[in-house]
There are 2 protein chains.
Amino acid sequence: MELAKKRIGIDIGGTNIACGLVEEGQILYKTSLATNASEGKESVFNSIFKAVQMVLDNTETTIKQIAGIGVGVPGMVDMDTGVVKLAPNLYWEYVPVKEILEKKFKVPVVVDNDANAAALGEVLSGAGKGNKDVVCITIGTGIGAGLIINGKIHHGKSGGAGEFGHTIVNEKGPLCNCGSRGCLETLTSATAIVNKGKDILQQESDSILKDCIVEGQPLGAKEIFLAAQKGDKWCKEVIEESCKHLGMALANVVNLLNPEQIIVGGGVSQAGEALFRPLKKWVNYYSLDILNKDLSVDPAELGNDAGIIGAAGLIK
Amino acid sequence: MELAKKRIGIDIGGTNIACGLVEEGQILYKTSLATNASEGKESVFNSIFKAVQMVLDNTETTIKQIAGIGVGVPGMVDMDTGVVKLAPNLYWEYVPVKEILEKKFKVPVVVDNDANAAALGEVLSGAGKGNKDVVCITIGTGIGAGLIINGKIHHGKSGGAGEFGHTIVNEKGPLCNCGSRGCLETLTSATAIVNKGKDILQQESDSILKDCIVEGQPLGAKEIFLAAQKGDKWCKEVIEESCKHLGMALANVVNLLNPEQIIVGGGVSQAGEALFRPLKKWVNYYSLDILNKDLSVDPAELGNDAGIIGAAGLIK
């Protein structure tokens with residue numbers, strides 16, 4: 001009997017449920033449905049069931065040909081039971097995802113945090129292919145991390161590892177949602193960068209930032225990077241300060257964990273060299289040379305597919 | 001054939017070489033010789049050979065009854081080859097410790113960093129017995145860490161993980177030997193605490209610190225803790241600030257790794273509750289509640305024996 005090699009990977013986000021059929025780290029087919037988390041968890045599970053069926057139908061695959069279903073969830077997961085303990089964006093508390101999906105599909109189900117799944121995806125077939133010790137961070141509305149240690153996802157005692165966004169880099173910094181001051185998330189997330197951009201728009205009349213905004217579009221981190229590239233001194237300062245804080249926090253991780261690679265994904269990472277050049281400079285500046293000489297800092301390669309591929313990779 | 005259960009553990013320090021016969025995490029017999037590193041590496045190896053022979057002789061054990069020899073070294077080790085790449089306190093660079101000892105004793109030898117070995121010792125038979133995710137820090141002249149992740153020592157890409165002392169907690173802080181500013185080591189090590197005590201002796205005439213020093217003895221961290229306990233406001237402030245910085249750095253590690261336990265050893269840890277009470281307060285203050293609710297912060301239990309027991313534990 002041949003071992004089933006195909007797996008289904010599901011990435012449940014606050015906005016969309018992405019679902020794909022994956023074989024040897026490649027997506028054969030994928031689809032996406034709205035999460036509509038506010039309509040309740042039964043509605044979300046119906047969409048998940050539907051997405052899985054769509055993937056099976058469109059690839060002429062039966063559930064018996066599937067080794068299992070992996071699921072990434074934006075929350076904290078009990079790895080022993082597959083229960084999602086807390087997922088604020090889905091309004092979920094103690095939802096037995098593994099049990100529900102195994103009952104429905106009669107195949108093994110593994111549930112993990114979405115940042116962990118994305119990190120696994122990147123080391124399975126993306127920017128970190130084949131690497132064993134990788135810190136994979138995502139900079140978007142917030143800042144999260146998935147840690148690959150010795151080739152495996154690191155979960156920690158209660159499945160909550162990777163809260164890198166709540167690294168305190170300045171104890172007198174802005175107040176964070178978590179209650180602390182100066183968390184990295186309040187200084188370097190897209191939200192933080194945009195907030196600083198809004199201040200520039202209000203306060204600095206000589207800034208060209210206003211000319212970089214497309215009429216009718218909201219201000220995003222992208223526009224601030226653009227203005228900085230065009231030479232705007234205020235926006236350049238925002239980018240430099242953000243990279244300095246992120247670089248320092250990452251350097252502390254480098255000194256602690258001695259990873260071989262840092263992978264940076266999420267919306268802000270699309271700024272490319274405008275982000276990576278100063279970021280690498282500060283990581284190297286603040287970390288020990290004997291550790292950063294073996295380190296590379298790279299953009300994520302898989303984008304949203306990382307979540308699907310990594311979720312599928314949760315199935316052994 | 002019965003499997004040999006006895007192992008020899010060697011902890012090579014800058015001052016002493018400690019060597020013991022270990023069975024099931026317990027030291028059956030131990031001895032200690034001066035390292036005399038300044039006399040060259042041959043002299044150090046002769047002392048190691050002698051210490052091993054003393055341990056065998058005094059326990060009526062033959063080398064054939066030994067499963068192997070584990071060695072902890074104060075430096076960076078290439079885990080694939082057992083070569084010590086750099087050990088400043090021993091004046092060693094690229095010393096093939098595994099090869100030398102295997103040639104001499106004809107048993108398997110495993111070499112690791114001493115902080116890693118001590119961490120392993122504490123989870124094998126000390127404060128962290130049976131725990132899987134533990135951060136073990138040592139606060140002495142400097143600050144080091146050994147990380148146990150998923151039950152195993154975490155080495156990182158080049159064997160350099162655990163440089164927790166070089167976590168930057170205040171980018172405008174004092175200059176560190178590593179070249180950065182505001183490393184934890186410059187703020188919370190015994191050396192840093194003593195330096196602050198010296199400032200108090202010079203500047204604060206109402207401080208009782210001078211009365212806590214035994215005549216002819218140098219000022220140590222111990223005296224500053226003593227003065228603080230007796231109510232000296234200046235020394236209380238030093239302790240509180242030190243614990244705040246250490247607590248913040250540890251909270252960042254808690255948010256990143258979600259460990260189940262932090263073990264604190266080294267000279268400063270002997271201050272007991274005067275250290276642990278404020279330290280726990282600040283760790284909890286700065287870390288996410290969902291992560292610190294599963295965390296305990298405990299003193300190391302094995303003292304110098306951790307290095308011997310952990311080194312022996314390196315042998316599978």
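What you see below is based on every heavy atom in this structure, not just the backbone, and it leaves out hydrogens, waters and symmetry mates. Computed from a prediction, not measured in an experiment: that's the story for all the values here. Every chain is numbered from 1, with letters handed out A, B, ... down the list of sequences.
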Give a yes or no on this: more than 12 heavy atoms of other residues, nucleotides or ligands lie within 6.0 Å of atom CD of A:Glu240.
yes

Would you indicate whether A:Lys281, at its atom NZ, is surrounded by more than 12 heavy atoms from other residues, nucleotides or ligands within a distance under 6.0 Å?
yes

For B:Met76 and A:Ile290, which heavy atoms make the closest approach, and how far apart are they?
SD-CD1, 3.5 Å

What part of A:His154 gets within 4.5 angstrom of chain B, counting heavy atoms only: side chain, backbone, both, or neither?
side chain

Crowded around A:Lys157 NZ? As in, over 12 foreign heavy atoms under 6.0 Å?
no

Just checking B:Lys293: does its NZ atom have more than 12 heavy atoms from other residues, nucleotides or ligands closer to it than 6.0 angstrom?
yes

Which bit of A:Leu295 is near chain B, if near means a heavy-atom gap under 4.5 Å: side chain, backbone, both or neither?
neither

Counting heavy atoms not belonging to B:Asp199, are there more than 12 under 6.0 Å from its CG?
yes

Measure the CG-CG distance between B:Leu256 and A:Leu256 for me, rounded to the nearest 0.5 Å.
7.0 Å

Among A:Val254, A:Asn255, A:Thr167, A:Asn170, which residue has the highest count of heavy-atom pairs closer than 4.5 Å to chain B?
A:Asn255

NZ of A:Lys85: more than 12 outside heavy atoms within 6.0 angstrom?
yes

Atom OH of B:Tyr286 and atom SG of A:Cys178: how far apart are they, to the nearest 0.5 Å?
11.5 Å

If you count heavy-atom pairs within less than 4.5 Å of chain B, which of A:Arg181, A:Glu163, A:Gln261 leads?
A:Glu163

If we define contacts as heavy-atom pairs under 4.5 Å, which of B:Ala145, B:Ser180, B:Ser158, B:Gly162 has the most with chain A?
B:Ser158

Are there more than 12 heavy atoms of other residues, nucleotides or ligands under 6.0 Å from atom CD of A:Glu171?
yes

Between A:Leu147 and chain B, which part of the residue has a heavy atom less than 4.5 Å away: side chain, backbone, both or neither?
side chain

Which bit of A:Lys244 comes within less than 4.5 Å of chain B, counting heavy atoms only: side chain, backbone, both or neither?
side chain

Segment of A:Ile168 engaging chain B (4.5 angstrom heavy-atom cut-off):
both

Answer key: most heavy-atom pairs under 4.5 Å with chain A among B:Asn131, B:Leu257, B:Asp133 is B:Leu257

Which one of A:Asp294, A:Leu184, A:Val135, A:Val169 has the most heavy-atom pairs closer than 4.5 Å to chain B?
A:Asp294

